[in-house]
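Numbering starts at 1 and runs along the sequence shown.
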Amino acid sequence: MRRGVRAALGIAIAVATLALLVNAVGWNEFSRGLERANKPLYALAVVASAGSLLAWAQVARRLFHTVGGRLDGVGFHTAYFSGLFGRAILPGGHVGGIGIVSYVLSRYGSGEFERPLVAISTTEFANNVASATLATFGLVFVLTVGHSSLSGVGFVAVVAIAGMLAALIAAYVLVVRFDAVGTVSHALARVVRATLGRVSSRVREATAEDRVAERVNRANDVARTLRENPRTLATALAFSHLGWALYVLPLYLCLRAVDVPVAYPTLLFIVPIAGLTAVIGTPGGIGVVDSAITALILALTPHAAGPVVVAALLFRAADYGTTILVGGLSALYLTTLDVPSPVGVLRE
């Protein structure tokens with residue numbers, strides 16, 4: 001399927017899902033809820049969203065510099081946020097986010113793809129650990145203090161937790177057991193050579209055994225550097241937990257803004273679980289993540305649907321809007337420098 005068709009399909013799904021979500025509670029009720037929302041609390045939600053971006057950027061920056069990445073503070077942050085911008089606007093960007101951000105950093109850095117790839121992969125590993133830790137704490141709260149049960153969340157919660165564990169295992173293999181990645185890379189390269197390589201000399205050359213071995217060895221050297229710096233990994237994990245705590249805070253504030261308070265620990269469970277639905281492929285998970293957040297809150301609390309939908313969409317506007325604003329301004333800044341155009345880089 002052509003890239004433009006995929007983009008149009010992702011946007012169409014996002015718009016349709018949002019329309020169905022708002023229509024379920026009524027457009028008039030939704031607009032009244034927006035009007036009544038506490039504006040100062042929402043402003044704090046936007047600030048917290050920006051804070052989570054900065055915290056996660058520190059994780060990536062520390063790991064990038066540890067593996068020998070060469071970008072100064074401003075250069076790294078503008079390239080990193082531009083990569084997040086591409087991840088947010090491209091359909092399927094959530095799934096391919098590691099590759100997108102890594103490629104942007106490589107284009108504005110030394111040109112080596114392996115260093116930013118390992119750094120950003122490890123960033124995702126740290127963020128997944130923080131997500132799973134806080135979600136587990138939230139689940140314990142829901143089942144004890146919240147006097148709820150998994151029956152309120154249903155099969156989706158079980159699958160979501162299994163998905164997070166699978167992501168943690170994959171990240172562990174990537175960082176700690178990189179030899180397994182090398183084995184898989186060579187196996188995939190052989191399959192590609194035997195199929196696409198028969199009709200494309202470019203693909204055949206790119207997946208040649210010696211070239212794959214060279215890339216795997218370079219990436220393994222970078223991963224070894226991280227393994228030999230446990231203090232850096234510990235600091236990354238600390239910032240990842242801070243980023244997640246700040247990321248969930250806007251939803252808590254948005255719910256307060258529409259007078260439907262929900263305990264913060266409950267949201268620590270809801271937000272990571274709902275975020276897994278972003279793999280469906282709409283830009284930034286628009287529509288699907290909003291719907292998942294709404295469904296989980298309604299399943300675990302006695303609140304009415306109307307204000308919960310308003311709060312969920314306000315939260316997503318603060319979250320997604322902040323990423324687009326910061327990433328867009330970063331990409332705009334790069335266009336003023338004597339470097340490759342960020343638009344061209346993202347198209348690549």
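When the side chain to side chain contact (heavy atoms under 4.5 Å, CB included) test is applied to T133, the partners found at least two apart in sequence or on another chain are V129, H241.
Judged as a ring pair (Phe, Tyr, Trp, His ring centres under 6.0 Å), not a single pair has a partner in residues 317-336 (not counting sequence neighbours). For residues 40-59, the side-chain hydrogen bond (donor to acceptor under 3.5 Å, both in side chains) pairs, not counting sequence neighbours, are W56-N127, Q58-R61, Q58-H77. Annotation: salt bridge (charged side-chain N to carboxylate O under 4.0 Å, His left out) contacts involving residues 242-258, sequence neighbours excluded, are absent. Contacts classified as salt bridge (charged side-chain N to carboxylate O under 4.0 Å, His left out) and involving residues 312-330 (residues at least two apart or in different chains) are given here: D290-R316, R316-D319.
F85 places none of its side-chain heavy atoms less than 4.5 Å from the side chain of S330. Here the side chains of V248 and L134 are not in contact, with every heavy-atom distance at 4.5 Å or above.
Aromatic ring centroids of F269 and F141 lie 6.0 Å or more apart.
Classified by interplanar angle (parallel below 30°, tilted 30° to 60°, perpendicular above 60°), the ring pair F315/Y247 is perpendicular.
Among all heavy-atom pairs drawn from A311 and V258, the shortest one is CB-CG2, 3.8 Å.
Cluster partners of L325, by chain and number: L329. The rule joins Ile, Leu, Val, Met, Phe, Trp and Tyr whenever side-chain heavy atoms lie under 4.5 Å apart.
Under a 4.0 Å N-O distance rule, the pair E124/R87 qualifies as a salt bridge.
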